[in-house]
Structures are given as C-alpha cells and as structure tokens.
J.: 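This structure is in structure tokens; I'll ask about it shortly.
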There are 2 protein chains.
Amino acid sequence: MGQPKIRNMEEFAAISGISRPTVSKYFNDPDSVRSSTRKKIETALKKHDYQPNVFAMNQNRRKTKNIGIVVPNLADPFFAEIARRVELACIEAGYSPILLSSHGSPAMERDNLNSLRALKPAGVLLAPFGRMSDTDAIKAFDADFPLVLFDANMAGIGQAFVGTNNFQSIDLMVEYLCRSGEPPCFFEMKFPSNPNANKRRQAYLESMARHRQTPRIFQADGEGWNFEEIGSTEGGRLLAENAFGTNTVLCSNDRLAIGMLSAAYGLDLRVGHGAECHLRIAGHDDHPFSRFTCPPLTTIAQDYDGIANRAVSGLFRMLEAEERLPSREETLFEGRLIMRDSA
Amino acid sequence: MGQPKIRNMEEFAAISGISRPTVSKYFNDPDSVRSSTRKKIETALKKHDYQPNVFAMNQNRRKTKNIGIVVPNLADPFFAEIARRVELACIEAGYSPILLSSHGSPAMERDNLNSLRALKPAGVLLAPFGRMSDTDAIKAFDADFPLVLFDANMAGIGQAFVGTNNFQSIDLMVEYLCRSGEPPCFFEMKFPSNPNANKRRQAYLESMARHRQTPRIFQADGEGWNFEEIGSTEGGRLLAENAFGTNTVLCSNDRLAIGMLSAAYGLDLRVGHGAECHLRIAGHDDHPFSRFTCPPLTTIAQDYDGIANRAVSGLFRMLEAEERLPSREETLFEGRLIMRDSA
DNA sequence: CCAATTAATTTACGCGCGTTAATTTTTATT
DNA sequence: AATAAAAATTAACGCGCGTAAATTAATTGG
C-alpha cells in the first residue's frame, strides 16, 4: 500500500522491475512466470497495491475469469444455499462469480444468459427451469460457452449435469415410510416448475410398485413459486376433506411440506410418527428451515456441498482442457434420509 | 436479427447510416440524439441485433451503468427478498445491477466493495453489517462512489439511508401486546450482528417505560447467522427453565422467533393468544416464512417495496444531480403490525 | 427566407492491456 | 564450459469504443 498511485500496468511494471508483457502474463496466470520474477512482482504488489483495469483486460482476452451462475430463484433458500457454495468455490479457484437470479421467470433466464454473453464468461453454471426454459436459447448458449447444468437436467444440454438421484432418494423415503407405518400418498403441484418434480413422481410410482402398494397422487392447483402457500391452501383442503386415504403424505419438496404442516396445525391435526399422532408428513430437499418446522420435518437431504463442488470442479476441468468433454457427464449424488419428528 | 454478424460499432454505424460518434452517443443516452436519428438506429438495431462491447465501453467512460448491490447474507430470506426488489428496480431504470452477498462475513463485505471499485459502478446500494463492518473501508468507498445505505444505518456514512423506524414499529408491537395480554419480555442475541437489534432493544425499553411496565431483556449466547438455531437452543432453554417471568416474548427478529416456536413445540407449550395457550411469541420483519410457522407468527412487516424503491430512487436522484446531496437524507418507513396467531 | 441555433459528421487521438514476433538473457543439461 | 531449452525483453500493433475539435448539415423561429 504505497503512496504514489499507479495508473497502469506500464508504471507498475517499471516499478517492479519487470517488463510489461511479463507482468501481463503474470496476471493472466501467476504460475506461468519464473518463480523469481513472480516474487518480484508480488513484492511490488504488496508495496504499491495495483490491480489491472478489468475492462481493458477483458477487452482482448478471449476467455475472461468470469463465471456465470444462474439460478431460477434466489428467494428460494434452497437455491440461495447452493448458489452460496458454488460462488465460494469459484472464488476459491480464483475466478469471479457473477450470480444472477431469474426471479422465477424463464424469460429472465434467457435475458440473464444474454447478459452473460456480453461478459465473455469463461464458463457458466446454470440451474435451469427445465421444460419452461427457453430451450433454444440455452442450446445456443451451450454452443458458445462451456456450460454445466446443475439441480435440474435438460437432455443433451450442457457438457455436464450434477444433481440428486431422485429415484434413489424417493425410494429411500418410500422404503422408510412403508416400514414405519402406512404407505405414503404423494403430494405435488399439478404444473411443477421443475423437472425434478416429474422424476420424483415417477420414482414414487416405481417405488410403490416395488413395495406392492397402490400409489395415490394428489396434485395441487396453483402456479408460481409460492409453494408454501399452495401447500397450505390445497394441502389443507385435502386434509380437511380427509381425502388422502392414508395417514402418510410424501410431499414433492420441503416447501410444499412446510405449507402442509402449517395447514395441519391450523386443523389441529397432530403431525408426527408417535402413536398419538394423526398424520405423517415427509418432504424432500432438507430445506434450511426444515429443522425448525413444527414438528421438525423428516426429509431427504440433498448433498449441497457435493453438488456445488462437483459442478464447479467439472466446469474447471473443461476449462483447463480447453475443449468440449468427449461425452456429456451426468453425476447424481445420493440423498440422505433425515429422520426428524414429522414422519 | 439479421445474418451478417456485426463486429463493432463502426460497422453498425455504417449499416444504420449514422456516424459512429453519434451512435456512441445514442448508446450512452438514447435521448441525447434527435428523434429521427434515434429511430434510424433503433430500426437497424432490430434488424441486426448488435450490442456494444461492454469492456471497451466502460474502459473510457467515467461512470458506467453498473449499480452495485451488497447485502450481508443472501441466504437470509429477508435480504434475498429485499435484494430482489432492489435488483428489479435497477433493471427497470436501465442499469445493470451487480448483486453481491457477503455471506455473513464483514471481511467479505470489504472485499466486495473492493471488487466493485474495479467495475467503476455508477452507484452502490449497501446494507452494511454495521458495527462489525470495516468502517474505514466503507467511508473510503463513500468518498469515491455514490453510496446509499439501506436496512442498517451507519452514522454519517452514505449520502442517504433508507430503513424501518424501529422505534415506531417496536412501540406498535409493545402497545399491542400490552393491550392484549401480559407485557412482553424481550429476547435477542447478546452480540447482535446488526445495528437494528440495538435500536430495537432501546425501543423496547422506552416503550415499556412509557407503558409503566418493567422491562426484561434476555440475551442469548451464540454468534453467527444461525438465528433459528440460537432461538431454538437458547430460547428453548429459557422456556424450559420458565425463566421469562411473563407469558409473552417479543423476539428481536422473526428468525429468532421461528427458532423459539420450534423449541416451544418441542416442549409441548401451546403458543398463541387464545385462553388455552401457554405462551405468546412475537417477532419482527415479516420474514417470508412467518406466515407458515406453527402457529403463524404475529410480527411487524417491514415495507420491503418502500425501502427498495426509495433506496433506488434516492440513488438515481443523486446520479442525475451528478453531485453529492447537500445533506444526508434518512428515510424511515413505518412497520405494520401483522396480527397472526402466535401473539 | 435568412439568421441563429442545434445536431450530426469528419478526423483524430487515446484508453490500458492482450498478444505476437524477433531478440536477448537466464536457467538447465550434459 | 558449451549447448540446448526456457523465460524475459523489446518493439509494435490492435482491440472497440469514448471523446474532443473543427466542420458541415439540419432545424427552428421570427
């Protein structure tokens, strides 16, 4: 932190006693210069605190150090949480993450990708809406930039996908619920905004078949991202009507379950796995708040860290390889059963 | 969306039949050119879809169209929600919001501000940690860029502050609680990470004095951002010990209240304002999930939209004025009492 | 219709750095 | 110590646009 303000790389190079092209090389990749010169530069860096002009830097570089991160909705704590880990992993690796939320709107997802184009990102990590996404826009983006999908898969798009194995995780939950009480019905949204929902329904059907149980699916009306609201209103209606035909409800995700718990409380239905309870409710995702619902929610924990780290490391592998992966990689992490009190 | 890819503004200017400097002027501010030429440019724009190189643009421009938004923790739905509205308001105004979360770390808040420096933002909206923030860093930033604080105030820093009037809001809640049952004690963290907590404690004390009631404050150990956890553990301990000396607890914020509700449920304490209830719990903030707690949480709603819009419009006023405001403006929105079932 | 004003054009430079090619210096190898 | 290989230096160009000054064209208003 010296006094004389350094205006550009020219001046800084002069001060550090290294030529400008070498300094430029250093900033591009510190390991690409001899350790003795690296030391010189870093000494000067400590004394004079200079950082290259981002805009001039990126103007001519083909690939910047920017990593785009696009999630459907940051107001959903699940995405906030996973985005946080992805972001930190990028910083860790010396990149500049640019976090964009699509605020629940597929159109804004497209806009976000277009905005990212202008920033010439080295790569992009995208949790897409799925069927609601602008598939062509994402495909086009995939052709132009290294793209890794996470959370929600889209067939053939992106060079890799990282997510949770819904078939394993749902099966795990169904197995547990069948062993410990009445077999579950399945509660979800009629028009889910996420492809995982479809996988989970399918997984539920298969798992119930395997257990020789008759599946029952209840689909709630309502669109958008107010899952708790929908879970509360529609789930509450079904509870009041005693429509489920079983005392065990497996919700497609925790947010629906949180809504249903709220409705059950309002109806004075005691939720839990004890003998005195009327109802068991289970969820999926281990939403950050699921530990604090009443009662605490039995659910499936997604491997946040695993997904985040794998997505980031996968992207970086292809960045280093400087070419598309020979084949699309799909990595599915297993869900863990989190037994709390609600089921 | 034409076929021949346009490489730069030169080519685009040629196609649109306007000189490059004028086109440049247009992109800087569409209203600065004659409407006839504006129309020509926009026609060409529709046909050929060109957008200027962001990096080249910002290299020489003093003020970019970037607006920095820095919040302490995006994983907290309160900040996610308010950041969302701020972001949308910026886009609405034709700026490029850059959303940065400090992930609960004041050091990262400093880093975020430093990163923003490199992007030459036109202005920055900051929800600071407060006392934990690197005050000097923020002051230095304030000197170099138009800065508006929101949510948490810091004396003399930023050209404006927008937040909630904690004295009004807490008084409103205390008033309600006193009228409708036993006067509340106050539950908070011993080392709150947010200056609003201190204001709220002060407000509680004053309000209780005004109602000629003896205040009682309970401070939970624990640091960090796991408010629910702390509310549950520490609040639960106090509940189990029957330490409060009143059946009414006013929590410093909703997240603590959510934790305490969870603990109360575990202790089989019926929470609510009915005759058959053991305990009343109230919060503050109208956290997005407070509608779905068991029972739904009585709380104070902050005016998310008001705060977001006011912060953004305040910043834009000073951007247009191109100079510091004559005096620092503080805008406090009133909280609204949200009567649900918990108190 | 002409002068006064306003806007667009032409010309030219510079921003700060990436990058390349030719050359020189340093390091590693035998 | 001689040679090969690796790294740094020098010199120079270009990226795409902002911006300024001088000039020309278009608009306004009386």
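Per chain, numbering begins at 1; letters A, B, ... match sequence-line order.
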J.: To the nearest Å, give me how far apart CZ (B:Phe55) and P (D:dG14) are.
T.: 23 Å
J.: Nearest whole Å is fine: how far is D:dA8 P from A:Lys40 NZ?
T.: 10 Å
J.: Return the value, rounded to whole Å, for the distance between atom CG of B:Asn53 and atom P of C:dC15.
T.: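 Distance check: B:Asn53 CG to C:dC15 P gives 18 Å.
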J.: So which heavy atom on B:Gln159 is nearest to which on B:Pro146, and how close?
T.: NE2-CA, 3.6 Å
J.: To the nearest Å, give me how far apart CD (A:Glu10) and P (C:dG14) are.
T.: 15 Å
J.: Nearest to the side chain of B:Ser24, which nucleotide is it out of C:dT11, D:dG18, C:dT19?
T.: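 Closest nucleotide among those given: D:dG18.
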J.: Only one of A:Val70, A:Leu125, A:Val124, A:Leu113 forms a side-chain contact (heavy atoms from CB on, under 4.5 Å) with A:Leu147, so which one is it?
T.: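 The option that passes is A:Val124.
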J.: Could you state the CD1-P distance from A:Ile18 to D:dT10, rounded to the nearest angstrom?
T.: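 From A:Ile18 CD1 to D:dT10 P: 11 Å.
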J.: Can you label the angle between the A:Phe27 ring and the A:Phe12 ring as parallel, tilted or perpendicular, going by 30° and 60°?
T.: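 The arrangement is tilted - the two ring planes meet at 30° to 60°.
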J.: From the list D:dT10, D:dG16, C:dG16, which nucleotide is the closest neighbour of the side chain of A:Pro21?
T.: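 So the nucleotide nearest the side chain must be D:dT10.
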J.: Rounded to the Å, how far apart are A:Asp29 CG and D:dA7 C1'?
T.: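 About 14 Å, once rounded to whole Å.
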J.: If you measure from NE2 on B:His103 to CG on B:Asp76, what distance do you get to the nearest 0.5 Å?
T.: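 Interatomic distance, B:His103 NE2 to B:Asp76 CG, rounded to 0.5 Å: 13.5 Å.
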J.: Out of A:Ser105, A:Ser101, A:Ser102, which residue meets the side-chain hydrogen bond (donor to acceptor under 3.5 Å, both in side chains) rule with A:Asn112?
T.: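 Going through the options one by one, the only one that passes is A:Ser102.
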J.: Contacts to DNA chain C from residues 30-38 of chain B, heavy-atom cutoff under 4.0 Å, which residues?
T.: B:Val33, B:Arg34, B:Thr37
J.: How long is the gap from SG on B:Cys90 to CG on B:Leu315, to the nearest 0.5 Å?
T.: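 B:Cys90 SG to B:Leu315 CG: 7.0 Å, rounded to 0.5 Å.
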J.: Give the nucleotide from the list D:dA8, D:dG16, C:dT10 with an atom nearest to the side chain of A:Thr22.
T.: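 Looking only at heavy atoms from C-beta outward on A:Thr22, the closest nucleotide is D:dA8.
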J.: Run the salt bridge (Lys or Arg N to Asp or Glu O under 4.0 Å) test on A:Glu87 and A:Arg85 for me, step by step, so that the C-alpha distance in whole Å, both residues' side-chain angles and the decisive distance to 0.1 Å come before the verdict.
T.: CA-CA 5 Å; A:Glu87 208 179 331; A:Arg85 296 172 199 232; over 6 Å; no
J.: Contact class for B:Pro52 (heavy atom, under 4.0 Å): base, sugar-phosphate, or nothing?
T.: sugar-phosphate
J.: Please confirm whether any donor atom in the side chain of A:Gln59 sits under 3.5 Å from an acceptor in the base of C:dG16, or the reverse.
T.: yes
J.: Has the side chain of B:Arg20 got a donor or acceptor atom sitting under 3.5 Å from an opposite partner on the base of D:dG18?
T.: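 Looking at the base of D:dG18, it does pair with a donor or acceptor on the side chain of B:Arg20 (distance under 3.5 Å).
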J.: In whole angstrom, give the distance that lies between atom CE of B:Met57 and atom P of D:dG18.
T.: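 So the CE-P distance, B:Met57 to D:dG18, works out to 6 Å.
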J.: Measure the distance from CG on A:Asn60 to P on C:dC17 and round it to the nearest whole Å.
T.: 11 Å
J.: NA contact type, A:Tyr50, heavy-atom cut-off 4.0 Å: base, sugar-phosphate, or nothing?
T.: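 The residue A:Tyr50 makes sugar-phosphate contact but no base contact.
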J.: Using a 4.0 Å heavy-atom cut-off across all strands, classify B:Asn28 as base, sugar-phosphate, or nothing.
T.: sugar-phosphate
